[in-house]
Amino acid sequence: ILMLLSVVGIGIAFGVSFYADMEQSGNNTPLPSIKLPYKNFIAATGVVEAKSKNIYVGSVVNGIVKKVYVQSGDSIKKGELLFEIDDTQKRIHIPVLQAQLGSSKARLKSAKHQLELLKNMKKLSSNMVTNEKYTKVVDNYNEAKTNYQLSKVKLEALKSELSLYKVYAPINGRVLQ
């Protein structure tokens with residue numbers, strides 16, 4: 001029995017020392033404090049009461065609710081704006097994308113003009129323009145056209161994403177909370 005007790009005691013000692021080492025080796029640095037953008041705010045989901053069933057209303061984007069357009073007990077119609085989420089961080093990209101679009105449009109116009117000049121020169125005399133030069137100008141035009149289309153798509157995608165920051169009533173009903 002004495003031998004059994006000593007083996008159990010040694011096992012407990014190893015266990016305590018092992019777990020104490022694990023606890024000390026962990027990263028115990030505190031997380032930095034976060035400055036909140038507003039003094040008071042609420043994180044919540046809502047429910048629209050319909051005659052048929054309750055509908056949970058939320059947004060596919062995370063963020064701080066900027067403005068609520070309804071109150072508990074309000075009757076609402078399908079498509080009515082319920083609340084907006086702060087989209088400031090997304091909106092700051094619009095002028096940049098608009099500038100990129102304008103710049104890419106100007107490059108496209110210039111590339112198109114150069115291509116038309118070369119085509120006209122080639123019509124006058126095929127010896128005036130080398131195939132290498134013509135291919136380079138066509139490539140520049142195609143690249144400018146692609147960049148312009150890409151800039152348009154980026155701006156449209158951002159505007160589409162911004163629409164997700166507004167939440168509308170999916171059906172007619174009454175706001176519960």
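Residue numbers count from 1 along this sequence.
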Minimum heavy-atom separation for [X] and [Y], please, with both atom names.
{"X": "Ser151", "Y": "Gln100", "result": "OG-O, 3.8 Å"}
{"X": "Ile92", "Y": "Val96", "result": "O-CG2, 4.2 Å"}
{"X": "Ala169", "Y": "Ile76", "result": "CB-CD1, 3.5 Å"}
{"X": "Glu80", "Y": "Val70", "result": "OE2-CG1, 4.0 Å"}
{"X": "Lys77", "Y": "Asn172", "result": "CA-OD1, 3.1 Å"}
{"X": "Gln114", "Y": "Val137", "result": "C-CG1, 3.9 Å"}

Problem set entry | His113, NE2 atom: more than 12 neighbouring heavy atoms under 6.0 Å | no
Hphob cluster co-occupancy, [X] + [Y], side-chain heavy atoms under 4.5 angstrom:
{"X": "Leu118", "Y": "Met128", "value": "yes"}
{"X": "Leu81", "Y": "Val60", "value": "no"}
{"X": "Leu164", "Y": "Val65", "value": "yes"}
{"X": "Tyr69", "Y": "Val61", "value": "no"}
{"X": "Tyr168", "Y": "Ile85", "value": "no"}

Can you tell me how far [atom2] of [Y] sits from [atom1] of [X], rounded to the nearest 0.5 angstrom?
{"X": "Glu143", "Y": "Arg107", "atom1": "CD", "atom2": "CZ", "answer": "9.0 Å"}
{"X": "Asn120", "Y": "Leu115", "atom1": "CG", "atom2": "CG", "answer": "9.5 Å"}
{"X": "Asp86", "Y": "Thr88", "atom1": "CG", "atom2": "OG1", "answer": "3.5 Å"}
{"X": "Thr135", "Y": "Asn140", "atom1": "OG1", "atom2": "CG", "answer": "11.0 Å"}

For this session: Starting from the C-alpha separation in whole Å, work towards a yes-or-no answer on side-chain contact (heavy atoms from CB on, under 4.5 Å) for Leu155 and Lys159.
Result: CA-CA 6 Å; Leu155 184 58; Lys159 288 180 179 179; 4.1 Å; yes
Exercise. side-chain hydrogen bond (donor to acceptor under 3.5 Å, both in side chains) with Asp87: which of Lys90, Gln89, Arg91?
Worked result: Arg91
Exercise. Any side-chain heavy-atom pair from Lys112 and Tyr141 closer than 4.5 angstrom?
Worked result: yes
Problem set entry | Heavy-atom check, side chain of Leu101 versus side chain of Tyr148, under 4.5 Å | yes
Exercise. Does the Ser160 side chain pair with the main chain of Glu156, one donor and one acceptor, at a distance under 3.5 Å?
Worked result: no
For this session: Answer yes or no for Lys122 and Tyr134: cation-pi contact, defined as NZ/CZ to six-membered ring centre under 6.0 Å and angle to ring axis within 45°.
Result: yes
